[in-house]
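Side-chain atoms are counted along with the backbone in the values below, which use heavy atoms only and exclude waters and symmetry mates.
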Amino acid sequence: MGVRQVTLIAALLLAACQPGQEAAEPLSSTYDVEIRWTSYGIPHVKATDWGSLGYGFAYATATDVICVIAHDVLMVNGELSKHHGAEDGRFDSDVFHKGILNQDKVAAYNQAQSARDQAFADGYVAGYNRYLRDHAESLPDSCAGAPWVAEIDADDLTRLTLGVGIRYGLGRFGQEISQAAPPDTSKADDIASRAVPWRLPTGIGSNGVAIGSELSASGRGILLGNPHYPWHGSSRFHLIHTTLPGEVDVMGASLLNTSRVAIGFNKDVAWTHTVSTALRFTLYQLDLNPDNPLQYRYDGAYRDIEPRVVEVEVAAEDGVETREQTIYVTHYGPILESDLLPWSASHAYALRDAVIDNYVTADTYDAMSKAASTADLEAAISRQGVFWVNTIAADRHGNAFYADISGTPNVDADLLDACRLSLEGAPDRLVILDGSRTECEWREDERSRVPGALPTEEMPRLTRADYVTNSNDSYWLSNPDAPLEGYSPIIGPERTARSLRTRAGLHMIGELIERDGGITPDDIQNLLNNNRHFGAELLLDDVLKVCGDHADLAPACEALAAWDRTMTVDAQGGHVWREFWNDARHIDDLWAVPFDADDPINTPRGVNLDNPAVRQAVADALGTAITTLTEANIPLNARLGDIQYAPRNGRNIPVPGGDGAAGMFSMIVTNLNGDKGYTPIIHGNSYMQVISWDEAGNLDPRAMLTYSQSPEPESPHYSDLTEIHAQGGWIRLPFTDAEIEADPNLRTLNLTE
């Protein structure tokens, strides 16, 4: 029987199988998997081969998020315009994905996969398609009957994987790549009329803390994983547990459009990720042939720029029409264009991505899932399949580990000194290199499995018995007692001010260290549950000193003075600080004590009240906060849970947390939406885990998925975990067979094909 075929007898038997019942055994099978769901819709997938594991992984994930995955398949295949129209950036997205994730790129990825990984991928495809067949008449309302919900093949899964990989490189610039075009010299305003505004999007964040044997009460490791990822779309997390007896037993969370546990644990080691500061790309400035804008100079000769014609189907009144768009590609990568980076008669700009040729992510995460220590985990991520994140880990032996071993250009300080070009108005972290010389190419190193990528031996890492942490600043202060220094600037800055969120975490860990008795899992869980506002602890007293100068500020000052300086759901007044800080953070000369690289946890600090301009700017920011909230009909003493919430089937579920840029370790990002308040939630606390071991080495896995397992309102797992999160609750994850079988809501499905 073929991989994607099923016998007629098996099909009839399996179609009748419902959750809680065992499927009848077909005459023969390629896939055989058991899925057990425990409370809150958590699937536990058990199989005896890699193909069946992939089959169950896809089926279990699709159970909650089939519509989201189907839409992402549409996106990475460049078919959004065909089904939803070309508006709102969909056409540019289609051009980008069709042009970049083309068949040659897909074939190269597929060819690089091991037999094991290909078996898992084939199983995933078959499991996804099986779910669609089993539920063709019962899909969620958000995609029921939609023609774009269709069976997938292995190339679709590859495109999903590649699309995630280039998220912080090429994927940021789909519009700029789609719209790039050589100048029409017959039109003087040609460049200005079509160049899109330049932007360098910032990454979303996370916190990670690992406690080692010197500090933990048990003498074992403790890990906090706290990614700050979107509450909507395919970058949500999904809880899942996969078991291949004798090989893999790993639990945690995957992104909806990925096929491995991304952040999680096994019986020996736990890990999490935070988006790192390392760059995923550089730009190359091309010196163009004055007689031909489709040629660029390289080592004294001219090379051709390749026009790559892309055909996109677009919904039209009478059906579907085909439109053509050309993207332009150099040996570095595609040309992009914006108002800051125009394609002029003399110059153009190409982007080289450090992850587009990385084909080892499946191999890397499979090795991570089988790690028995942080040393094993370090060896696993050194396979180079971690795309764009730091890794923080702890193990039952008491090790705490940090590394930024991620897909990064092999560009050292010498290359930057020799080849970096300046451009007025460009962000400091944007690297533009001279594209006309061989010596400005990224270094090639035989130690690297990925062309042009920095070898792992040159990237920062740290193993400690006390602690390590990261909150999206660079590697420098992963442990303040052991600063990491001397690495390529392409990875991140050293001896620079840390964010208020980083300092909040370091400050609270420092408080725990000073206590007697050792650090417990409850202590680490409380780093989030306490919802302390470090920015307010640092600055509010100084801000209140301005209040006496301005009677009209009394309403804001009274609300802030009464505020408990937390962002729990019962806190009152913290939103006034949020609106105040939106402006105050930009005040020139704000700090009374400037940053000191020798005291980075405690500086900068204080408000520079001796400067009259600063005092006035603080007053102005408070006044703006009053105006903003008054116009939105939000009381200045409102309870946070009444104005920051997640709507769920007619109920507004309170959501704790606040803005990390303002100093919140427990981070929630949302915008004031008129008189509705701070809703919807954009991103922030998402999958949260505290993984630890007791003195005997027994695992204690605690977690919370803040937005629940499914985004579909009709799902029983649309809001159940969100309700618990509103009350500050966590759940204990059932990991052993005994724990799974004891779950009061257990249901089991056996699938064969």
Side-chain angles (χ1 to χ4, degrees), residues 99-102 104-109 111-113 158 161-173 177 276-286 296 298-299 303 305-306 308 327-336 348-364 381-390 403-421 429-460 487-492:
I100 300 301
L101 304 184
N102 56 33
D104 289 343
K105 174 54 61 179
V106 169
Y109 181 94
Q111 187 175 4
Q113 302 310 295
T158 295
T161 302
L162 290 168
V164 171
I166 61 175
R167 175 176 296 171
Y168 292 102
L170 285 164
R172 287 178 158 183
F173 304 108
I177 291 169
S276 90
T277 55
L279 294 184
R280 310 302 155 203
F281 68 93
T282 68
L283 297 179
Y284 277 94
Q285 180 177 284
L286 308 178
Y296 61 101
Y298 187 81
D299 284 349
R303 291 192 173 192
I305 297 172
E306 173 200 349
R308 187 177 293 175
I327 67 171
Y328 296 87
V329 182
T330 71
H331 81 281
Y332 296 115
I335 292 178
L336 56 78
Y349 296 87
L351 186 150
R352 183 173 181 186
D353 185 288
V355 179
I356 188 67
D357 297 323
N358 187 323
Y359 307 144
V360 293
T361 184
D363 177 61
T364 298
I381 65 176
S382 294
R383 298 181 183 215
Q384 292 186 270
V386 172
F387 288 150
W388 27 257
V389 288
N390 301 291
D404 186 349
I405 297 177
S406 57
T408 306
N410 191 357
V411 174
D412 57 23
D414 289 342
L415 192 152
L416 289 172
D417 289 342
C419 297
R420 188 172 187 179
L421 304 176
R429 285 285 284 154
L430 184 66
V431 172
I432 303 174
L433 301 175
D434 183 348
S436 68
R437 296 182 285 147
T438 300
E439 55 265 35
C440 297
E441 295 271 11
W442 296 358
R443 312 291 195 208
E444 295 293 338
D445 193 308
E446 62 183 10
R447 296 173 295 173
S448 179
R449 297 177 67 185
V450 180
L454 195 64
T456 61
E457 292 87 346
E458 304 299 326
M459 303 201 75
Y487 294 91
S488 170
I490 208 80
I491 308 174

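Under a cutoff of 6.0 Å and an axis angle of 45°, R280 and Y168 do not form a cation-pi pair.
Under the 4.0 Å criterion applied to side-chain N and carboxylate O atoms, D445 and R443 are not assigned as salt-bridge partners.
Side-chain atoms of W442 and T282, non-hydrogen and from C-beta on, do get closer than 4.5 Å to each other. Between Y296 and I305 there is a side-chain heavy-atom pair separated by less than 4.5 Å. In this structure the side chain of I490 never reaches within 4.5 angstrom of the side chain of L415, judged on heavy atoms. R172 is not listed as a side-chain neighbour of L351, based on a closest heavy-atom distance of 4.5 Å or more. Contact annotation: the side chain of I177 approaches that of L170 to within less than 4.5 Å [non-hydrogen atoms, C-beta and beyond]. By the 4.5 Å heavy-atom criterion applied to side chains, H331 and Y298 are counted as neighbours.
Qualifying side chain to side chain donor-acceptor pair (under 3.5 Å) partners for D353, counting only residues two or more places apart in sequence or in other chains: none.
Heavy atoms only, all atoms of each residue included: P460 and I491 are closest at CD-CD1, 3.8 Å.
Residue F281 forms a side chain to side chain contact (heavy atoms under 4.5 Å, CB included) with just one option from L430, I166, V431, T408, and that option is L430. Tested against S448 for a side-chain hydrogen bond (donor to acceptor under 3.5 Å, both in side chains), the candidates Q384, E457, E458 yield a single pass: Q384.
In this structure, CG on D412 lies 8.5 Å from CG on L454, to the nearest 0.5 angstrom.
The environment of CD in E439 is crowded: more than 12 heavy-atom neighbours from other residues, nucleotides or ligands sit within 6.0 Å.
Under the 30°/60° scheme for interplanar angles, the aromatic rings of Y332 and Y284 are found to lie parallel.
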